[in-house]
Amino acid sequence: MDQFMKRAVELALNNVDEGGQPFGAVLVKNNEIIAEGVNELHRKYDVSGHAELIAIRKVQEEFQTLDLSGYTMYASGEPCPMCIAAIYFSGIEKVYYCGSVEDAKEAGLGKSSVIYKELALPRKERSVEMIHMPLGEGMQNPMIKWNEK
């Protein structure tokens, strides 16, 4: 097993020992670990506190950048849809993972598989109602303001 994946799995195992979920991640650039993260839901009661997101946040804050192209993510478990979205937004081009979404489901951590299925559905068929509300008359459109900037 690759040294970086070994570290991600080690982080996950340590997190379980500390009362957390079995997820660890490392971000690597130029064959060097730049940041690590573990699932912190049990510490901060923040549903976005996933290992991959923690590692991404650390690098982005340290280097004051949103662009993580050239980085590789190693994760003990297959990233959930939220983490995958952050990976895409940040420009990370390659992700290695050990445990699959199916493995997580078998371990009682099955929300990712449910969310992946939900996202494949049309908005009107999802279990969370998604209701489009157009801007009211006379309201400035933030998207247009951004584009004009």
Legend entry - ILVMFWY cluster, V28 and Y71 together (side-chain gap under 4.5 Å): no
Legend entry - Over all atoms of both residues, closest heavy-atom pair of L11 and G37: CD1-O, 4.1 Å
Inset, instruction - May I ask whether V95 and I34 are part of the same hydrophobic cluster, defined by side-chain heavy atoms of I, L, V, M, F, W, Y residues being less than 4.5 angstrom apart, directly or through others? - result: yes
Legend entry - Taking every non-hydrogen atom, the tightest pair across R126 and L119: NH2-O, 3.5 Å
Legend entry - V47 vs M82 side-chain heavy atoms within contact, under 4.5 Å: no
Inset, instruction - Please report the shortest heavy-atom distance between P79 and E52, naming the atom on each side. - result: CA-OE2, 3.5 Å
Inset, instruction - Would you check if F4 and I33 make a side-chain contact, meaning some heavy-atom pair closer than 4.5 Å? - result: yes
Legend entry - CG on N141 to CD on E148, rounded to 0.5 Å: 9.0 Å
Inset, instruction - Verify side-chain contact (heavy atoms from CB on, under 4.5 Å) between K29 and V59, making sure each step is shown before the conclusion. - result: CA-CA 11 Å; K29 186 171 185 179; V59 170; over 6 Å; no
Legend entry - Heavy-atom check, side chain of E118 versus side chain of S127, under 4.5 Å: yes
Legend entry - Residue pair Q140 / K145, side-chain heavy-atom distance below 4.5 Å: yes
Legend entry - From CD1 (I84) to CD1 (I87), nearest 0.5 Å: 4.5 Å
Inset, instruction - Could you check if a side-chain atom of C80 sits within less than 4.5 angstrom of a side-chain atom of H50, using non-hydrogen atoms only? - result: yes
Inset, instruction - For atom CG of N30, decide whether the heavy atoms of other residues, nucleotides or ligands shown that lie under 6.0 angstrom number more than 12. - result: no
Legend entry - Transitive ILVMFWY side-chain link I54 to I56, under 4.5 Å: no
Legend entry - Hydrophobic cluster identity match, V38 and V26, side-chain contacts under 4.5 Å: yes
Inset, instruction - Measure the shortest side-chain to side-chain distance between C98 and V9 over non-hydrogen atoms and say whether it is less than 4.5 angstrom. - result: yes
Inset, instruction - List the steps and the verdict of salt bridge (Lys or Arg N to Asp or Glu O under 4.0 Å) for R57 and E61. - result: CA-CA 6 Å; R57 287 177 186 146; E61 185 174 347; over 6 Å; no
Inset, instruction - Kindly indicate whether the side chain of L109, heavy atoms from C-beta on, has any atom under 4.5 Å from the side chain of P22. - result: yes
Inset, instruction - Report yes or no: do Q60 and S90 form a side-chain donor-acceptor pair below 3.5 Å? - result: no
Inset, instruction - For the residue pair S112 and P81, establish whether any side-chain heavy-atom pair is separated by less than 4.5 Å. - result: yes
Legend entry - Pair R43 + E18: basic N to acidic O under 4.0 Å: yes
Inset, instruction - Go through the side-chain N and O atoms of T65 and D67 and say whether any donor and acceptor fall under 3.5 Å apart. - result: no
Legend entry - Listed once per pair and sorted, the ring pair (Phe, Tyr, Trp, His ring centres under 6.0 Å) pairs that draw on residues 78-128, sequence neighbours left out: Y74-Y96
Inset, instruction - Please report the shortest heavy-atom distance between G49 and L41, naming the atom on each side. - result: O-CD1, 3.5 Å
Inset, instruction - Could you pull out the closest heavy-atom pair between A25 and M73, with the gap in Å? - result: CB-SD, 3.8 Å
Inset, instruction - Specify the closest pair of heavy atoms between L27 and L68, including all atoms of both residues, with the distance to one decimal. - result: CD1-CD1, 4.1 Å
